[in-house]
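Reminder, nothing fancy here: chain letters follow the sequence lines and each chain counts from 1.
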Amino acid sequence: MSSVEFRKELFADERQDDLKQIGRPAIRQDIRGHVTGRTAYYDDHLFERLLHMRCARSPHHHARIRSVDTSEAARMPGVQRIVLAKDVPNNLNTLLSLINFGKDDEPLIAGTKVSYRGEAVAAVIAETELQARQAAAAIRVDWEVLPHVLDVEEALKPDAPQVNAVYPDNTFDYEPYDHVKLRFGDVHKGFAAADEIVEATYQMSPIEQAPMETCGAIAVPETADRILCHTGTQALFFSLGTTAKLLDMPSSRLHFVGGTVGGGFGGKVDSITEPMAVLGAVLTGRPVKFQWDREEEMQVGAPRGAERWVIRDGVMRDGRIVARSFTGYFDSGAYTRLSSYAGTKGVGHLPGPYSIPNVAANVFCIFTNRTPATAMRGFGITGVDFAIECHMDRVAERVGIDPISLRILNAYRDGDMKAHRRTAKNTALVECCQVVADKAGWRLSAEDRAASSLTGTTAERQAIPETALDEEGRIGERRAGRVTGTAPTERSTGRLPAGTRGRDHAAIPVQRPDMEILSERVGHRMPDPAEAGGAPPLAAAAPARPTPPAASPPPARPASASPPPASPPHAAPAPPPAPPRQPEPAQPAHRSEPTAPTAPARGGHDPAPPAQPKPYEPDKPFSRGVNRPGVSRFLTGRRR
Amino acid sequence: MTLHSGRGFACINYPIGMNLGGDPAQALVHSTPDGKFMVTLSAIDLGQGMKSVTRQIAAEALGVPIDDVYVDTADSDTGPHDMGSFASRGTHRVGNAVIRAASEARAHMMEAAAEELEVSPADLDTDGAGNIHVKGAPTRRITVAETAIAAQFKQGRTLSGRGIFLIEPSGVDPDTGEMSPVTCFAHAALIIDLTVDDETGEVEVTKINSAYEVGRALNSRLVEQQLIGGAWMGVSHALYETTEPYYPDRREGPLDFNAYLMPGPGEIVPHDIAILERPAPDAPFGGKGPGEMCANPVLPAIANAVYNAVGVRIDALPITPEKILRGILAQGGARPQGQRG
């Protein structure tokens with residue numbers, strides 16, 4: 001059916017295969033528990049007097065809450081407590097405030113208006129899940145339905161409904177613009193010089209992370225005024241920090257336990273179930289479980305958001321792509337969650353693994369009246385890779401070149417300059433193309449077979465070109481009707497000199513020498529601090545985050561009547577503290593000589609044949625586990 | 001009806017770790033009195049093998065057998081801070097933190113053993129099987145267990161270590177998009193073979209050939225599982241999945257797995273994988289996280305193969321039979337594009 005081979009002969013001179021544990025097919029420490037059904041997940045912890053929490057949710061895409069009538073629900077059997085927005089001590093948050101990125105824009109429970117169908121407006125805590133469900137259904141809300149917007153490009157129009165009060169333009173603020181810009185070279189000059197222009201639009205659908213275990217948490221009051229929370233989170237301290245912030249309590253009062261999760265794929269970073277359960281435990285003094293059912297997981301829990309990408313390529317008849325522009329739209333749904341991060345990450349990925357001398361992008365994170373989007377496997381990258389690689393085939397067809405050959409021709413090589421102004425290293429795209437073509441019997445030309453990631457860079461490919469800049473799309477301009485276009489503009493307002501770049505950023509060195517692994521024990525060449533522009537002290541020169549800390553007040557918006565002040569012309573390298581550009585060596589210093597006959601620094605290294613996986617053999621015969629005799633299953637704290 | 005064969009290609013690279021850095025991970029390592037080692041993390045095992053790979057990394061860095069290492073994950077009272085399991089950061093960030101913690105613990109272990117053997121720590125090495133010996137004199141040795149007992153009960157010394165790994169946080173220049181996104185990239189290229197039924201619009205993926213460059217396969221079987229599972233997810237994403245079938249309209253959203261389509265056991269595709277290893281200088285033993293990137297090339301490769309089969313470009317996911325049939329209808333029939341390669 002399927003097969004795996006290790007191509008140890010490739011890059012063998014950069015690697016030693018004499019490690020003792022690394023590379024072995026060691027069996028998972030936890031697999032026996034998983035396959036015998038005895039691993040404890042968060043929901044396997046049972047507690048006496050456990051309460052269940054369920055939400056009443058909006059049936060509308062966008063509506064103002066005139067009032068919430070909980071009187072009938074409160075009288076229903078088993079109901080212990082109704083929870084409303086006013087019960088959340090600090091009812092406005094954004095996930096990435098934990099790294100000072102973005103403004104608080106999302107309530108845990110909506111109080112004044114809902115901005116997507118399924119948004120929580122109240123919660124019921126009851127003795128059983130059924131009672132909680134029935135009472136949640138009995139909550140009556142007086143809605144004033146508002147106009148809604150569901151399409152990203154519609155949401156950019158000046159008269160579009162305002163989805164999120166914190167971002168009244170329906171775009172996340174990437175100060176000072178309403179989108180992330182990438183400018184490298186002069187893309188419009190590139191288009192003018194190209195033989196062919198290839199343009200297309202690509203659309204991703206929202207999809208579900210679909211873990212077997214839905215999101216959930218159980219919170220339990222403990223002695224010493226602390227709360228224990230068993231959770232299926234993908235990010236323990238993310239969820240802990242978010243809970244502490246929303247509930248306005250010291251994080252030291254929270255004890256989170258998790259670590260064994262029934263699938264995540266990105267959908268368990270959002271940290272909604274943990275603050276809900278902990279809030280329930282605080283309000284009732286009893287253990288509370290808050291868990292999504294499958295319907296909530298699919299329609300209320302954040303999906304991978306939809307993305308729309310417009311790609312425009314300028315290509316020469318020989319297949320060289322000389323200019324590429326992107327217009328990207330991330331559909332964030334009603335709140336930011338993590339989509340703002342995806343916008344930045346996506347831009348750092350452009351123009352894909354290719355060396356293109358002129359690249360521009362405008363990427364928007366847009367608010368619409370739909371379920372907020374969040375992370376999923378490949379976040380920020382999967383969608384644009386779909387677009388880029390479909391587009392590469394379109395380009396190949398237009399110029400009449402084999403699709404793999406087109407990729408190898410344009411592939412980035414060690415030493416090439418990338419559009420985000422950092423040098424490519426440790427690349428291996430060409431080799432992947434060659435190996436897979438060989439496996440599938442896809443014939444490549446002799447030239448393509450001879451290509452290598454180690455060679456092919458040139459002084460031109462290593463250089464940063466003079467770059468056309470513009471200031472179009474400042475925050476608020478679009479809403480005011482002064483800007484309508486979304487693609488990178490042709491109206492350049494300045495030129496950035498060739499070669500302008502700041503310094504690279506790398507790992508912080510170990511705090512004590514004992515923590516550094518001996519270089520002869522690591523099996524490959526370690527990073528050279530000099531290569532990364534020196535290992536800088538943390539405090540020294542980190543450029544500021546693009547947005548101010550969440551704790552500080554949001555920056556004043558430009559007055560809508562007068563145009564924003566023009567920013568000073570670009571005279572110096574872009575990030576303020578960056579040193580002047582160092583001349584780069586013609587050949588990247590880190591590259592090993594492709595045909596070097598000299599032995600590597602550390603002894604011999606015959607490329608050992610790949611370790612053949614042995615079938616698993618238990619050291620002891622398998623026996624089915626049982627609880628201790630005479631002890632209640634429930635008293636063990638485990639269901640199984 | 002006719003079944004048209006199509007073949008499609010795609011290749012990608014993938015950034016490893018949180019974009020722009022600033023995502024620390026910590027690890028603690030300590031020995032039990034009998035020379036076993038406990039790795040304490042707050043990282044999460046989602047099924048991807050976090051516990052396994054950090055266990056191997058710790059064993060390698062300590063120089064002890066893997067059976068003598070145990071990994072505990074995700075208790076906020078005992079495990080030091082970690083940002084979480086996302087952005088392909090687990091192996092790279094947590095793995096590096098574990099190496100640092102294990103290296104410090106190893107240094108203490110070698111000092112303790114040196115005191116027992118009355119030599120200099122620099123003259124000692126581990127054999128990976130539970131012994132510490134004088135370099136060049138393998139019989140002059142002490143076991144790790146004896147070393148730990150001596151350290152604990154005689155020397156009053158802990159064999160423990162702390163590790164943190166952090167890529168310096170940085171920002172984006174708003175005018176140029178200049179940034180230091182990540183320090184490490186994985187690579188992949190993939191060829192899909194499939195058939196398209198021009199009467200029903202149905203696609204059957206018949207074969208995947210792939211080449212994945214992962215830096216170093218830290219656990220060969222876990223990498224294999226990630227790649228096979230990830231490619232399956234890519235097929236599912238390309239052909240089946242949507243929570244909003246009429247996006248941007250929100251009608252007809254699925255509420256369970258009866259309506260949310262995914263490939264079943266009958267649609268598992270034979271997949272021949274080649275693994276390439278070009279170690280990343282700052283990754284743990286060179287290993288890049290394969291977990292996210294492995295699904296990405298499948299989507300465009302399928303779209304390209306569908307075009308190759310019937311001449312219809314589907315630029316909006318998922319690639320449903322309805323979209324293919326409408327495309328075939330609009331162009332007046334299937335237009336096979338010829339054999340690839």
Side-chain angles (χ1 to χ4, degrees), chain A residues 1-4 6-7 10-11 15 20-22 25 28-29 150-151 182-183 202-203 205-208 234-236 238 256-259 261 264 294-295 303 345 348 353 377-378 382 385-386 389-390 393 403 420-421 428-429 432-433 435-436 439-440 442 505 508 514-515 517 524 527 543 574, chain B residues 9-10 12-13 19 42 46 52 56 59-60 73-76 84-85 100 103-104 107 128 166 168 170-171 173 176-181 187 189 191 209 211 213 220-221 224 241-244 248 255-256 270-275 278-279 281-282 285-286 292 296 299-300 304 315-317 341:
Chain A
M1 287 289 284
S2 297
S3 71
V4 177
F6 284 80
R7 298 292 297 267
L10 293 164
F11 306 113
R15 199 181 65 236
K20 293 192 171 70
Q21 303 294 340
I22 293 299
R28 291 174 190 222
Q29 190 183 27
L150 294 172
D151 181 81
L182 179 69
R183 299 290 186 268
Y202 302 90
Q203 178 69 52
S205 174
I207 72 168
E208 161 62 20
Q234 270 180 259
L236 199 74
F238 233 101
F256 273 41
V257 177
V261 177
R294 187 58 66 183
E295 178 176 339
K345 183 177 179 183
R377 193 175 200 169
T382 303
D385 274 351
F386 171 71
E389 287 302 298
C390 289
D393 261 36
H420 57 82
R421 292 168 195 260
L429 191 76
C432 286
C433 291
V435 166
V436 77
K439 277 181 90 72
W442 183 313
H505 301 82
I508 311 273
D514 275 357
M515 297 175 185
I517 189 168
H524 66 89
Chain B
F9 174 86
I12 55 123
N13 66 342
N19 196 58
S42 67
L46 307 158
S52 248
Q56 273 174 285
E60 185 73 48
T73 53
D75 181 320
S76 67
S85 291
R100 290 177 171 192
S103 296
E104 193 186 29
L166 173 67
E168 178 194 3
S170 59
D173 180 78
T176 61
E178 171 170 359
M179 63 174 113
S180 304
H187 301 87
I191 292 172
N209 278 281
E213 190 276 311
S220 51
R221 292 304 295 273
E224 178 185 341
E241 294 187 47
T242 175
T243 53
E244 301 183 36
L255 305 181
D256 58 32
H271 185 174
D272 289 341
I273 299 171
I275 294 175
R278 187 176 192 196
D282 75 345
F285 302 103
E292 288 191 282
N296 285 359
L299 283 59
N304 291 336
D315 296 324
L317 292 178

Can you tell me how far the [atom1] atom of [X] sits from the [atom2] atom of [Y], to the nearest 0.5 Å?
| X | Y | atom1 | atom2 | result |
| --- | --- | --- | --- | --- |
| A/His505 | B/Glu168 | NE2 | CD | 4.5 Å |
| A/Trp442 | B/Ile191 | CH2 | CD1 | 5.5 Å |
| B/Phe285 | A/Arg15 | CZ | CZ | 15.0 Å |
| B/Asn209 | B/His271 | CG | NE2 | 7.5 Å |
| B/Arg100 | B/Glu104 | CZ | CD | 11.5 Å |

task: Mind checking salt bridge (Lys or Arg N to Asp or Glu O under 4.0 Å) for A/Lys20 and listing every partner two or more places apart, or none if nothing turns up?
output: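 Salt bridge (Lys or Arg N to Asp or Glu O under 4.0 Å) list for A/Lys20, sorted by chain: empty.
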- request: For B/Asp315, enumerate each residue passing the side chain to side chain contact (heavy atoms under 4.5 Å, CB included) test, keeping only those at least two apart in sequence or located in another chain.
  value: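 Testing B/Asp315 for side chain to side chain contact (heavy atoms under 4.5 Å, CB included), a comparison that skips the adjacent residues, returns A/Tyr202, A/Arg394, B/Arg313.
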message: Could you check whether any side-chain N or O of A/Glu389 sits under 3.5 Å from a backbone N or O of B/Pro300, counting only pairs where one atom can act as donor and the other as acceptor?
response: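 No, because the side chain of A/Glu389 does not come within donor-acceptor range (under 3.5 Å) of the backbone of B/Pro300.
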message: Given heavy-atom pairs under 4.5 angstrom as the criterion, report whether the side chain, backbone, both or neither of A/Pro206 touches chain B.
response: both
Tell me which of these, [options], has more heavy-atom pairs under 4.5 Å with chain A than the rest.
| options | value |
| --- | --- |
| B/Pro181, B/Ser85, B/Pro248 | B/Pro248 |
| B/Thr242, B/Ile12, B/Asp282, B/Thr243 | B/Thr243 |
| B/Ala59, B/Ala274, B/Gly286, B/Ala10 | B/Ala274 |
| B/Asp75, B/Asp256, B/Thr73, B/Leu299 | B/Asp75 |

Using a 4.5 angstrom heavy-atom cutoff, name the option from [options] with the most pairs to chain B.
| options | result |
| --- | --- |
| A/Val4, A/Val257, A/Val435 | A/Val4 |
| A/Glu208, A/Met515, A/Arg294 | A/Met515 |
| A/Leu10, A/Asp151, A/Leu236 | A/Leu236 |
| A/Ala235, A/Ser3, A/Ser2 | A/Ser3 |
| A/Pro353, A/Gly264, A/Gly348 | A/Pro353 |
| A/Arg421, A/Lys439, A/Arg7 | A/Lys439 |

Residue B/Ala107 versus chain A: region with a heavy atom under 4.5 Å: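 Side chain only.
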